[in-house]
**Student:** 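One structure coming up, written as structure tokens, with questions to follow.
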Amino acid sequence: MSTIALITGATAGIGKACAEKFASAKYNLIIAGRRSERLQDLKSALEKKEGIKVYPLCFDVQNRNEVFEAISNLPAAWKHIDILVNNAGLALGRDSFENASIDDWDTMMHTNVDGLLYVSKAVVPLMIENKKGHIINLGSIAGKEVYENGNVYCASKFAVDAITKSMRIDLLKYGIKVTGIHPGAVETEFSIVRFKGDDEKASAAYKGFTPLTAMDIADTIFYCATLPPHVCINDLVITCVQQAGTYYFYKNS
Ligand code: NDP
Ligand code: 8X3
């Protein structure tokens with residue numbers, strides 16, 4: 001079996017673009033997400049187009065048992081995971097602290113923090129056994145700098161940043177690389193999810209500037225993943241040219 005990448009959140013946006021990018025370089029893929037039909041469609045499309053093997057895994061990263069069961073039931077050949085892209089995540093709502101929904105907070109923390117921890121905890125022993133691996137965590141510019149009404153989404157991504165840094169230290173002795181990717185605005189389904197299907201609010205989030213595309217991030221992740229064995233990009237913040245922080249945009253009038 002050639003190089004294997006496990007990508008969470010592969011049913012949309014950045015994760016799907018990563019699947020396409022790694023597939024075009026002939027990696028075999030484990031693609032994960034909750035929407036099984038999308039996983040099956042992506043598997044068929046990539047196997048047909050690229051001649052690679054794709055193993056779909058349908059689970060909710062918030063569910064610890066589902067995560068561990070899915071990873072431990074992988075056939076032996078698929079357990080040689082070289083690259084883990086911890087991408088599954090979401091924002092829900094953009095409300096001031098006093099108005100924000102506690103349910104939204106719980107879902108963001110359970111998905112962005114607990115989910116990333118569960119998947120990593122299930123995969124790291126396999127990487128230790130294989131004596132190599134590369135974990136790439138999707139943080140955000142929101143995990144570097146808080147913004148108004150970003151409260152718990154920002155907190156979840158600050159947690160991802162801290163987990164990424166501490167994983168890198170703890171896994172150093174096994175030769176496992178750990179990279180944090182922190183994008184600014186990327187136009188995906190992210191804002192549709194954040195604004196709960198309100199397309200008008202979602203498209204307003206990208207008005208007046210040219211945001212990053214999912215493939216911009218996939219290209220960056222692929223670059224980090226294909227550097228020589230002795231090189232590790234630890235931390236990478238990436239924005240479009242019209243963004244210079246969580247708050248600073250230069251928008252067209
Ligand atoms: P999308 O909404 O387009 O994709 C999110 C992916 O995450 C989907 O494949 C979804 O799959 C998966 N996902 C969400 N919740 C769960 C869950 N509970 N269990 C399993 N999978 C889940 O968003 P993006 O591609 O933009 O976001 C990907 C990552 O990038 C996220 O971590 C996000 O925070 C981060 N990011 C995004 C930015 C942006 O501006 N778009 C900027 C900075 C960081 P499914 O619904 O099928 O389960
Ligand atoms: C997504 C980027 O600025 O909408 O992580 O929080 S932002």
Side-chain angles (χ1 to χ4, degrees), residues 1-58 61 74 78 80-90 115-116 119-120 123 127 132-141 160 164 176-191 193 206 210-229 231-241 243:
M1 182 88 74
S2 67
T3 315
I4 296 175
L6 190 171
I7 301 163
T8 68
T11 56
I14 295 168
K16 184 167 185 239
C18 284
E20 289 162 354
K21 181 73 190 179
F22 281 89
S24 73
K26 308 302 174 199
Y27 286 63
N28 290 318
L29 301 178
I30 302 169
I31 51 171
R34 291 166 301 179
R35 286 170 285 183
S36 60
E37 209 178 312
R38 286 198 186 194
L39 290 174
Q40 287 302 335
D41 289 349
L42 187 60
K43 170 184 159 72
S44 307
L46 294 180
E47 286 185 339
K48 190 168 171 206
K49 181 166 181 231
E50 308 293 355
I52 57 155
K53 292 194 181 102
V54 179
Y55 196 99
L57 276 186
C58 191
V61 295
L74 281 171
W78 283 99
H80 289 263
I81 297 166
D82 299 281
I83 297 160
L84 165 62
V85 184
N86 270 318
N87 163 77
L90 81 176
L116 181 143
V119 174
S120 304
V123 171
M127 289 184 166
K132 70 179 168 80
H134 192 169
I135 299 170
I136 301 176
N137 291 336
L138 264 293
S140 169
I141 197 168
V160 169
T164 303
I176 295 172
K177 299 185 191 186
V178 182
T179 297
I181 304 285
H182 304 278
V186 187
E187 190 163 10
T188 60
E189 293 176 17
F190 177 85
S191 290
V193 172
Y206 309 108
T210 304
L212 294 167
T213 65
M215 195 47 86
D216 293 328
I217 305 304
D219 285 341
T220 307
I221 289 171
F222 185 76
Y223 172 76
C224 293
T226 49
L227 287 165
V231 182
C232 179
I233 293 195
N234 290 345
D235 204 44
L236 195 150
V237 177
I238 172 170
T239 65
C240 68
V241 174
Q243 182 175 14

**Student:** With sequence neighbours left out, what residues match R35 under side-chain contact (heavy atoms from CB on, under 4.5 Å)?
**Tutor:** T11, A12, R38, E189

**Student:** Side chain of D82, backbone of T3: donor and acceptor closer than 3.5 Å?
**Tutor:**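 Looks like no, no N/O pair under 3.5 Å.
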
**Student:** Less than 4.5 Å apart, side chain to side chain, heavy atoms only: is that true for V61 and L116?
**Tutor:**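 Not touching, per the 4.5 Å side-chain cut-off.
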
**Student:** Return the set of residues passing side-chain hydrogen bond (donor to acceptor under 3.5 Å, both in side chains) with Y223 (not counting sequence neighbours), or none when no residue passes.
**Tutor:** none

**Student:** Taking all heavy atoms of A19 and all of I31, pick out the closest pair and write down the distance.
**Tutor:** CB-CG2, 4.1 Å

**Student:** Do you know which two heavy atoms are closest between I135 and M127, and how far apart they sit?
**Tutor:**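 Heavy atoms of I135 and M127 come nearest at CG1-SD, 3.8 Å.
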
**Student:** Which residues pass the side-chain contact (heavy atoms from CB on, under 4.5 Å) test with T239, not counting sequence neighbours?
**Tutor:** I141, Q243

**Student:** Name all residues meeting the side-chain contact (heavy atoms from CB on, under 4.5 Å) criterion together with T164; count only those two or more places apart in sequence or in a different chain, and write none if there are none.
**Tutor:** N137, V160, R168, V178

**Student:** List for me each residue that meets side-chain hydrogen bond (donor to acceptor under 3.5 Å, both in side chains) alongside T188, sequence neighbours excluded, and say none if there are none.
**Tutor:**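 Once residues adjacent in sequence are excluded, T188 has no partner under the side-chain hydrogen bond (donor to acceptor under 3.5 Å, both in side chains) criterion.
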
**Student:** For the side chain of N28 and the backbone of K53, is there at least one donor-acceptor N/O pair under 3.5 Å apart?
**Tutor:** yes

**Student:** Should the pair Y55 and W78 be assigned to parallel (<30°), tilted (30 to 60°) or perpendicular (>60°) ring geometry?
**Tutor:**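 Judged by the thresholds at 30° and 60°, the geometry between Y55 and W78 is tilted.
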
**Student:** With sequence neighbours excluded, tell me which residues meet side-chain hydrogen bond (donor to acceptor under 3.5 Å, both in side chains) with Q40.
**Tutor:** none

**Student:** Quick test of your reading: applying salt bridge (charged side-chain N to carboxylate O under 4.0 Å, His left out), list the pairs with at least one residue in residues 211-221, sequence neighbours left out, ordered by first then second residue.
**Tutor:**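 Residue pairs passing salt bridge (charged side-chain N to carboxylate O under 4.0 Å, His left out), neighbours aside: K21-D219.
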
**Student:** Give a yes or no on whether K177 atom NZ has more than 12 heavy-atom contacts from other residues, nucleotides or ligands under 6.0 Å away.
**Tutor:** yes

**Student:** Among residues at least two apart in sequence or on other chains, which ones pass side-chain contact (heavy atoms from CB on, under 4.5 Å) with T210?
**Tutor:** Q242

**Student:** Indicate the atoms forming the closest heavy-atom contact of I30 with L74, along with that distance.
**Tutor:**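 In this case the closest contact between I30 and L74 is CD1-CD1, 3.9 Å.
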
**Student:** T220: what forms a side-chain hydrogen bond (donor to acceptor under 3.5 Å, both in side chains) with it, not counting sequence neighbours?
**Tutor:**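 For T220 there are no side-chain hydrogen bond (donor to acceptor under 3.5 Å, both in side chains) partners, ignoring immediate neighbours.
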
**Student:** Does K26 have any salt bridge (charged side-chain N to carboxylate O under 4.0 Å, His left out) partners at least two apart in sequence or in another chain, and if so, which?
**Tutor:** E50

**Student:** With a 4.5 Å limit on heavy-atom distance, are the side chains of L42 and V54 in contact?
**Tutor:**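 No, too far: nothing below the 4.5 Å cut-off.
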
